Amino acid sequence: MHLTREEEDALDEKHGQSISIAYKILLSIGKATNAERLIPVDWVHLSGVNYNTIGESGVNFLTKYSQEASFVVPTTINPMGYDSHKKTRLSNNFKRQQGEIVKAYEKMGSIPSFSCIPYEIFQLPDREHNVSFAETNAAVMANSVFGLHTNKESSLSALASAVTGKAPYSDLRINSIRDPKIKIKVETELNTELDYGVLGYFSGKSVKESCVSFGDHTSNIDMYKTKSLAAALGTSGACGMFSNRVINGESISFGKEEAKSVMDELNTTESGDVIALGSPQLGMYELKLLSDMIGDKKFSKKCMIFCPRSIYEKASNSGIAQRLENAEANLICDACTCLSPLLTHEEYDGVITNSVKAAHYLNKSNGVSVCLNDLRSIIREHTK
Amino acid sequence: MNYIKCKVIVGGRASGRLLATKQPINFLSSVDHSTGMITDKNHDLCGRSLKNHVLVFPYSVGSSVGAYSIFALKSNSVSPSAIICTLKADITTASGCAIANIPLLELCRDRDIPEFENYDEGIIDGISGILQIKKV
């Protein structure tokens, strides 16, 4: 990858160690993705905010890194481990370490969004602009729905973009690669958001390409189904974009058997003692849908609903949050179901959710069994 | 002994027993960061440790935080000594290795992929991009 004179100087620590580290990261990902040069990006979204995911070494890295580095483009950040406005039984050590992470990002100049759905709460750059989005669902949504150009960035590659304002010009930033070369031939009915999540998870595992076509199946689907599909696609694979363009190329079949194999892997218990909704975090559309479905009923099991704080405030203004709280749901801001330290196997035997992404991480990282079901069925079975 | 020319993504010299798989890895959800063990029951390396091995795998999948996971493995002294991507060196693996100073090579795409399972040890020269594999 070609670096300008100024970029070479930055790599050689002429502008400090933090900038040099950022260029070292950009150089490595530029080589990996065969980029010829760096280009400017207009927005960055960072993952690596939850102490449960980055651990002590991540805290130490960020604390040191933030002493010198600062962000040069608008930079939003992912959810952290818990809702600091609510009482929690998490250990003091967890809260202290989480606090250090938040402090480090603040010091570098991040927007304190604590959300994995920046596309629902911010006015992002216009279509075709380059951005750097870590957080897999956000990257897939940015490319597939909002027409932004990003690779499926890592926490560290996006951090390097936030500090330099640049990213390698490669892969999904190149128009020809955004044309799908492979399609999923859907041979089963897709009705619920869970069906779309299962389709996404299967596709991520099956496709090696950066962009996949689902044809008409993704043309007119609502926000819940779209987010479910994008999050699951990003969780199981390397694919960073889906398209509804109908193509004649290579195809992979997705039928009842393929859907069953995903459910067999992720649906690991018949029921659970807590309901967790929101991975990705829920937006206004989903909170309203949920509140309409519940009506005057109440949850018969503990229910946690994860959403960004700005969405919670909007939902409070319109009375939706109160309706959900009257149904005895606990609305949790700034955190997310997936990899939440609030959902552990010590505390719960099983988690009921409609999120395939959450099911993956709850099973494999938190070690909690998961009962996967669609939202309508969860509401039908667990409210009265 | 077999010499394979690779593309250098992160430079450096290293050696170790080969740990090869044809399955991608999600470094966040499939690896215990304090022990280096692969914990995902659906992965064919489940129960194996990455520590001091030359990890040979196609590419990483899933979480963007996987880059921090690679760094955590290194900080906890349980990381692979080097990594070879057989299909594509992806952004998560490359950025994690860059920060953790773990040599990372990518097999050149125009070459046949050797049957790594038949070899025991790998020596990497991440300066010239030569991977040497041998049976012990």
Side-chain angles (χ1 to χ4, degrees), chain A residues 21 24-34 45-50 53-58 60-62 65 78 133-136 138-139 151-160 168 170-171 204-205 208 210 234-240 265 338-339 357 360-361 363-367, chain B residues 7-11 23-34 38-43 46 58-79 83 85 87-106 109 129:
Chain A
I21 289 171
K24 189 179 168 192
I25 294 170
L26 294 178
L27 193 61
S28 74
I29 65 169
K31 278 186 195 168
T33 56
N34 299 311
H45 182 75
L46 291 177
S47 60
V49 183
N50 179 354
T53 61
I54 68 168
E56 207 180 328
S57 59
N60 295 339
F61 170 79
L62 281 171
Y65 195 73
N78 242 8
F133 277 22
E135 169 46 44
T136 51
N151 281 326
K152 193 167 174 274
E153 302 293 341
S154 79
S155 309
L156 292 171
S157 71
L159 181 69
S170 59
D171 204 21
K205 278 194 174 192
K208 293 184 184 73
S210 299
T235 298
S236 64
C239 184
E265 179 182 340
C338 98
L339 291 143
K357 177 178 182 180
H360 173 93
Y361 287 105
N363 272 307
K364 293 173 199 273
S365 294
N366 293 32
Chain B
K7 179 175 158 187
V8 179
I9 309 295
V10 178
Q23 253 181 296
I25 294 176
N26 182 329
F27 281 101
L28 177 63
S29 65
S30 302
V31 185
D32 182 323
H33 308 143
S34 55
I38 306 256
T39 51
D40 184 352
K41 288 176 198 133
N42 299 99
H43 202 280
C46 186
Y59 53 87
S60 84
V61 289
S63 179
S64 55
V65 184
Y68 273 110
S69 305
I70 293 171
F71 181 67
L73 289 168
K74 178 75 174 203
S75 302
N76 294 330
S77 307
V78 292
S79 69
I83 299 181
C85 286
L87 274 179
K88 58 176 178 187
D90 59 278
I91 288 175
T92 295
T93 310
S95 56
C97 287
I99 286 295
N101 284 319
I102 297 173
L104 172 66
L105 305 186
E106 178 188 76
R109 285 165 205 188

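The chains referred to below are lettered A, B, ... by the order of the sequence lines, with proteins before strands, and numbering in each begins at 1. Everything numeric here is computed off the predicted structure, so don't read it as measured data.
Heavy-atom pairs under 4.5 Å with chain A were tallied for C97(B), S29(B), G66(B), S34(B); the largest tally goes to S29(B). In terms of heavy-atom pairs under 4.5 Å with chain A, the best-connected choice from S95(B), G96(B), A67(B), G11(B) is S95(B). Chain A forms the most heavy-atom pairs under 4.5 Å with one residue out of T92(B), T39(B), L28(B), D32(B), and that residue is L28(B). The candidate from S155(A), S365(A), S236(A), S157(A) with the greatest count of non-hydrogen atom pairs under 4.5 Å with chain B is S155(A). Of the listed residues E135(A), K357(A), K208(A), the one with more heavy-atom pairs under 4.5 angstrom with chain B than any other is K208(A). For the options A98(B), G62(B), S30(B), heavy-atom pairs under 4.5 Å to chain A are most numerous at G62(B).
With a 4.5 angstrom heavy-atom cutoff, V10(B) touches chain A only via side-chain atoms. Only the side chain of I99(B) comes within less than 4.5 Å of a heavy atom in chain A; its backbone stays farther off. S60(B) touches chain A through its backbone: at least one of N, CA, C or O sits under 4.5 Å from a heavy atom, while the side chain does not. Contact annotation for L339(A): only side-chain heavy atoms (C-beta onward) come within less than 4.5 Å of a heavy atom of chain B. L27(A) does not touch chain B: none of its heavy atoms, backbone or side chain, sits under 4.5 Å away.
Residues N26(B) and Y361(A) are in side-chain contact: their nearest non-hydrogen atoms beyond the backbone lie under 4.5 Å apart. Contact check for N76(B) versus E56(A): no side-chain heavy atoms found under the 4.5 Å cut-off. You'll find the side chain of I91(B) stays beyond 4.5 Å of the side chain of K152(A), heavy atoms only.
Taken to the nearest 0.5 Å, the NZ atom of K41(B) stands 11.0 Å off from the CD atom of E265(A). For the atom pair OG of S64(B) and NE2 of H45(A), the computed distance is 8.0 Å after rounding to the nearest 0.5 Å. The distance from atom CG of N60(A) to atom CZ of F71(B), rounded to the nearest 0.5 Å, is 8.0 Å. With rounding to the nearest 0.5 Å, the separation of OG in S75(B) from CZ in F61(A) is 10.0 Å. Considering CG of N42(B) and NE2 of H360(A), their distance stands at 9.5 Å, rounded to 0.5 Å. Taken to the nearest 0.5 Å, the CD1 atom of I70(B) stands 12.0 Å off from the OG atom of S57(A).
In this structure a side-chain-to-backbone donor-acceptor pair under 3.5 Å is missing from K31(A) to A94(B).
Scanning both residues, G48(A) and V65(B), for their nearest heavy atoms gives N-CG2, 3.8 Å. For the pair A238(A) and V61(B), the tightest heavy-atom approach, listed with the atom from each and the gap, is N-CG1, 3.9 Å.
For the residue pair N34(A)/K88(B), the side-chain donor-acceptor check at 3.5 Å is not satisfied.
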